[in-house]
Every structure is written in structure tokens, then in C-alpha cells.
Amino acid sequence: HLAVPLTVALATLLATGTGAPVHRQGNRHKLLLVSFDGFRWNYDQDVDTPHLDAMARDGVKARYMTPAFVTMTSPCHFTLVTGKYIENHGVVHNMFYNTTTKVKLPYHATLGIERWWDNGSVPIWVTAQRQGLKTGSFFYPGGNVTYQGVALTLSRKEGILHNYKNETEWRANIDTVMLWFTEEDLDLVTLYFGEPDSTGHKYGPETQERKEMVQQVDRTVGYLRDSIERNHLSSVLNLIIASDHGMTTVYRNASDLVEFHKFPNFTFRDIEFELLDYGPNGMLLPKAGMLDKVYDALKDAHPKLHVYKKESFPASFHYANNPRITPLLMYSDPGYVINGRINVQFNKGEHGFDNRDMNMKTIFRAMGPSFKSGLEVEPFESVHVYELMCHLLGIKPEPNDGHLSTLLPMLHSEPNPLPSGASTHLPSGA
Ligand SMILES: *[C@@H]1O[C@H](CO)[C@@H](O)[C@H](O)[C@H]1NC(C)=O
Ligand SMILES: *[C@@H]1O[C@H](CO)[C@@H](O)[C@H](O)[C@H]1NC(C)=O
Ligand SMILES: *[C@@H]1O[C@H](CO)[C@@H](O)[C@H](O)[C@H]1NC(C)=O
Ligand SMILES: *[C@@H]1O[C@H](CO)[C@@H](O)[C@H](O)[C@H]1NC(C)=O
Ligand SMILES: *[C@@H]1O[C@H](CO)[C@@H](O)[C@H](O)[C@H]1NC(C)=O
Ligand SMILES: *[C@@H]1O[C@H](CO)[C@@H](O)[C@H](O)[C@H]1NC(C)=O
Ligand SMILES: [Zn+2]
């Protein structure tokens, strides 16, 4: 067993019972979690990335990180901030849907649907605030709604027509986040960038366009590190750079596309609700009494398509055991997307696939006062990042699927070292 750092013990003590905000300690380390969407684990291996390389020398780099399944943006981002597998946090898709009303909302609209996100799991922002800290989210999925009535101290939501690749705006956003730390005294900020995901989808991961976007990400990492230095945050701010999933090339011209409209014994007349045409992931609610018929028609319909009844979905994915998952669900093999009534998917790169596929693996990098330098660690699952972040902030975590012991070797062995002069004291009556 690990010694419990003083700050954690203190937070534990103060957080029990009422859940009322506790007295804040001075000088605790701040934390910035940055996500570059769709940054595959090896995107730095065929492009010059001097700033990411320097960060690895000065901090910790994982060989790769295994995202949760499904390898989709909102579900995987929510795993990072809750430490839970997707079936345990309930944000099971990028799209809000209701199988009764048949309402389906796209990714951007879903970002604002509180009841989609606030489904029983309290993310780290809210946990931190309940323990007396201040937090912010800049475009991070799930950071712009309230949880059990609690909003983040500061939050920004991207506009619907947001241009994801504007480097000038990226720098302005970093400047804003620096002000959030220095002037608003936030303790935790999550900052999201929609690249290199968008470029990976549009052009494919093995293209010059993707490589150039990775260089833009790398310049941004350089700008971020300079900004931390310039704002005198180097000794107080821990920085984690991570992502949600990787990217793989879509076989758009394959002769064996997965197309529901070509399956012989299947008809949409048997289906009450469908969620298809979203990369390699699909869900179906058959009409009453039709489950077995539909399942029989689909189970061997295509060699690249894996269709399951909900209760038989492989438990190792930690995905299907949630009330939001329909009675039938499916995924397809790397490179193949699932087409429904007509083919409407034209991306050249895609994700959502089996998280054991190497092209779905993603990055984890970290540096700052608490992290060792020049350390490369073996791969781990993204559910563990949450416990590490709670430890770095000195807050008591919510129940979750991760283990602090997995990532603790990244840190200096001193229990959560505070800058000299920091003191902790119990408010009277505690
Ligand atoms: C779907 O919408 C209906 C009608 O508004 C509502 O009664 C039901 O609770 C919703 N179902 C879920 C699972 O949210
Ligand atoms: C989670 O959402 C489902 C509908 O999607 C709803 O039936 C359930 O009550 C929600 N659970 C919590 C704890 O909010
Ligand atoms: C969402 O973000 C906007 C700014 O983009 C902000 O005004 C609003 O308060 C945020 N809402 C929540 C619930 O965080
Ligand atoms: C990029 O962002 C900057 C700063 O927000 C803005 O002034 C500029 O118009 C944007 N350029 C494009 C091409 O969107
Ligand atoms: C698919 O085939 C079309 C023409 O048949 C070609 O223009 C296109 O480049 C091919 N796409 C891929 C991804 O190979
Ligand atoms: C379709 O159903 C027929 C009759 O039940 C059966 O003979 C045939 O093998 C089925 N085809 C497929 C592809 O499942
Ligand atoms: Zn994507």
C-alpha cells in the first residue's frame, strides 16, 4: 500500500460528510490537461517534432496510451476526466439519442445536452470544486454543462461553425488559459484542440496534410511551454498532454464494404431505432419480437462486421453494460465503416475501432514539478489518468476504474511536493 500524501489525507478528512467547499490551501500545484483530438501514438515518428521531443526529455512519455472502447471523442474524453470505462460513465456515444422519441443530435449539439453528460458520474472539475478548488474548461468535451447542479468556475464552448485548425486562435486560447491560472487563480484547466483529428478524417492519417498538422500541434506545444515559462508557472504547474484515440485509413474502394442495404435477410422494417453511419460503431433496437430474427440475419452477414446481443458483447471492452446501449450492437474491423440505408460516409480516416488495434492507440506526455524527467513508461489504459490527476491536485477521487499505483512511478517519490513556504492547516472544527 502507498502512503497517503498529507494533502490527500486532509482533503479526505474535509470532504467527508457535507460536501461543502473546504478551506483552500495556499500554493498547491496547478494542473493543465491538454487534449489534441485524434493524435495517434506514433504521429511523432514520421515528422520532426522538436517541442514534443524536448518535452519528453524534460518529463514523462508513455510509449502509448490505450483509450477506452468505443474509441470515440466524447466517450474517451469523459473517461479521462472520470477514470471510468464508458459503460460506467454512460457517455456511450458522440451523439445524444433517445430510442423512444428517435431524436438523434450531432456531436456539437450534444456538447450542450446536460442530461447526456450528467448521468451519475461526477467529473474531476466538480470533485475538485467541491473540495475547494477552482477549475476551468476550454472547449473540452463535457466541460460546458452542470453536474448535479454545479458548473465549472470558467468554461468556454466552441461555436457550431468553429474552425478547428486556426493556429492564431490556438495561441489566443493558450493566452486565455494562462490568465485563468495567473489572474483567476484556477487550479485545474482542461484545454481541447480539435486537431489533428479533423485533418486525419479529411485527408487520412498517412498523408502530408496530417504530417503538417502534427507540426502545427508541435509548434503549439512549444508556444504552450514558452507561455508557462513567461507566466512564471513552471514551478507550480503540472502539464499533461493526452488525446482520446488514434486514426486509421478507411478502405473506401474495397470491394467488400459493410453495407446494410445489401444484406439479404435484413430489412429496416424490423428496426425500431437505428444508430448507424457513424464510423465502425452501430446500435440497433429491433421492433418487439424481432430481436432474434434481426440478430440471425446480421450475425454472419459480413466477415468484417461483428454483431452482438448486448449481453454477449465482450466484457473486456467495458462498453455494453449500460442502460443506454441498445439490445443489438456492433463494430467493424479496422478500415471498414458501417453503412446503413445508403452510403453517406466519405472520411478518408476514421476511429471508433477496437482499442487493441495499434492505430487506435494514443499519446500521453507530462511534465512539471511533480514529474520525473526523461522517463519513458510502458503503455497503460486511459482510465488511470484520473487517479493521477486527483493525486496531483491533492483531492479525494470519486469511485472509478483506475488505480493510482499504475502511474505513480511517473512522479518524484516525495509525497506531492509543495513549493517551499506552503502550509496546510485544518480550519477550526475540522
Ligand atoms: C426519451 O424521451 C421520452 C419522451 O420525452 C422520455 O419519456 C424518456 O424518458 C426518454 N428516454 C430516455 C431513456 O431518456
Ligand atoms: C442516465 O440516463 C438514462 C437515459 O439515457 C436514464 O434512464 C438514467 O436514469 C440516467 N441515470 C442517471 C443517474 O442520471
Ligand atoms: C458554456 O460556455 C459559455 C462560453 O462559451 C459560458 O458563457 C457558459 O457559462 C458555459 N456554461 C456552463 C454550464 O459551463
Ligand atoms: C483565426 O483566429 C484569429 C484570432 O481569433 C482571427 O482573427 C482570424 O480571423 C482567424 N482566421 C481564420 C482564417 O479563421
Ligand atoms: C478510390 O477510387 C477513386 C476512383 O475510382 C479514386 O479517385 C480514389 O483516389 C480512390 N480512393 C482511395 C482512398 O483509394
Ligand atoms: C437467408 O435466409 C435464408 C432462409 O432462411 C437462408 O437459407 C440463407 O442462408 C440466409 N442467408 C444469409 C446470408 O444469412
Ligand atoms: Zn474524430
Side-chain angles (χ1 to χ4, degrees), residues 35-47 61-80 83-87 89 91-95 107 141 192-207 210-211 213-214 217 241-252 254 258 278-283 304-306 308 313-320 329-338 345 347-365 377-385 401-402:
S35 169
F36 289 100
D37 196 319
F39 199 113
R40 196 171 71 193
W41 72 286
N42 59 358
Y43 270 0
D44 64 341
Q45 293 183 7
D46 56 6
V47 195
K61 168 187 176 176
R63 204 144 61 75
Y64 59 79
M65 183 166 75
T66 296
F69 182 87
V70 288
T71 49
M72 216 185 265
T73 300
S74 293
C76 288
H77 275 97
F78 209 54
T79 288
L80 284 171
K84 294 186 182 184
Y85 290 114
I86 292 167
E87 66 187 1
H89 66 53
V91 179
V92 300
H93 205 280
N94 278 352
M95 291 176 75
Y107 170 76
Y192 168 86
F193 296 96
E195 292 282 6
D197 185 72
S198 296
T199 297
H201 282 300
K202 185 169 177 192
Y203 299 98
E206 317 307 336
T207 57
R210 185 275 295 171
K211 291 180 185 174
M213 186 48 73
V214 167
V217 168
I241 296 183
S243 179
D244 47 357
H245 51 68
M247 187 70 71
T248 199
T249 301
V250 176
Y251 301 131
R252 297 210 306 169
V258 177
Y278 207 96
N281 310 107
M283 282 194 243
K304 310 286 186 195
L305 177 68
H306 311 287
Y308 295 90
F313 198 72
S316 56
F317 282 130
H318 302 286
Y319 181 65
L329 70 158
M330 67 201 72
Y331 68 97
S332 46
D333 281 344
Y336 288 81
V337 298
I338 299 174
Q345 299 186 81
N347 283 341
K348 294 182 178 171
E350 200 51 87
H351 52 85
F353 302 95
D354 190 335
N355 57 354
R356 290 168 298 186
D357 185 77
M358 282 309 291
N359 284 338
M360 292 301 105
K361 308 291 187 189
T362 188
I363 54 162
F364 178 94
R365 311 294 183 94
V377 300
E378 287 305 303
F380 57 86
E381 290 184 84
S382 66
V383 286
H384 298 299
V385 174
D401 298 317

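Since the model is a prediction, treat every value here as computed from it, not as a measurement.
- In this structure, the separation between CG on Asn281 and CZ on Phe353 is 8.0 Å, given to the nearest 0.5 Å.
- One side chain, Glu381 or Tyr85, offers a donor N or O that lies under 3.5 Å from an acceptor on the other.
- When atom types are taken as modelled, the side chain of Asp244 and the backbone of Gly38 share a donor-acceptor pair closer than 3.5 angstrom.
- Side-chain atoms of Thr79 and His89 form a donor-acceptor pair, as typed in the model, at a separation below 3.5 Å.
- Looking only at distances, a side-chain donor or acceptor of Thr207 sits under 3.5 Å from a matching main-chain atom of Gly204.
- One N or O on the side chain of Asn94 and one on the backbone of Ser74 form a donor-acceptor pair closer than 3.5 Å.
- Between the OG1 atom of Thr73 and the CZ atom of Phe78 there is a distance of 14.5 Å, given to the nearest 0.5 Å.
- Met283 places a side-chain heavy atom less than 4.5 Å from the side chain of His93.
- Considering CD1 of Ile338 and NZ of Lys304, their distance stands at 13.5 Å, rounded to 0.5 Å.
- The neighbour count for Tyr107 OH, taken as heavy atoms of other residues, nucleotides or ligands under 6.0 Å away, is above 12.
- For the pair Lys61 and Ile363, the minimum side-chain heavy-atom distance is 4.5 Å or more.
- Using cut-offs of 30° and 60° on the angle between ring planes, the pair Phe193 and Phe36 is parallel.
- Between Tyr336 and Leu305 there is no side-chain heavy-atom pair separated by less than 4.5 Å.
- Residues Tyr308 and Pro314 are in side-chain contact: their nearest non-hydrogen atoms beyond the backbone lie under 4.5 Å apart.
- Residues Lys84 and Val383 form no side-chain contact, since every pair of their non-hydrogen atoms from C-beta on lies 4.5 Å or further apart.
- Using a 30° and 60° split on the angle between ring planes, His351 and His245 fall in the parallel class, below 30°.
- Interatomic distance, CZ of Arg365 versus CE of Met65, reported as 11.5 Å (0.5 Å rounding).
- Under the 3.5 Å distance criterion, the side-chain polar atoms of Gln345 are matched with a main-chain donor or acceptor of Gly279.
- Looking only at atom types and distance, the side chain of Asn347 has a donor-acceptor partner in the side chain of Glu350 under 3.5 Å away.
- Phe313 places a side-chain heavy atom less than 4.5 Å from the side chain of Phe69.
- Checking each of Cys76, Ser35, Ser243 against Thr362 for a side chain to side chain contact (heavy atoms under 4.5 Å, CB included) leaves exactly one that passes, namely Ser243.
- Checked by atom type and distance alone, the side chain of Thr71 pairs as donor or acceptor with a backbone atom of Gly352 at under 3.5 Å.
- Counting only heavy atoms from C-beta outward, the side chains of Pro205 and Thr249 approach each other to under 4.5 Å.
- In this structure, the side chain of Lys361 engages the main chain of Asn355 through a donor-acceptor pair within 3.5 Å.
- Checked by atom type and distance alone, the side chain of Thr248 never pairs as donor or acceptor with a backbone atom of Pro334 at under 3.5 Å.
- The existence of a salt bridge linking Asp44 and Lys211 is excluded, since no basic side-chain nitrogen approaches an acidic carboxylate oxygen closer than 4.0 Å.
- Under the 4.5 Å side-chain criterion, counting only non-hydrogen atoms from C-beta, Asp46 is in contact with Arg210.
- The residues Asp197 and Arg40 are annotated as not salt-bridged, no charged nitrogen and carboxylate oxygen being separated by less than 4.0 angstrom.
- Between atom OH of residue Tyr319 and atom CD of residue Glu87 there is a gap of 10.0 Å, rounded to the nearest 0.5 Å.
- Between Tyr64 and Phe380, a ring centre-to-centre spacing not shorter than 6.0 Å is recorded.
- Under the 3.5 Å distance criterion, the side-chain polar atoms of Trp41 are matched with a main-chain donor or acceptor of Met358.
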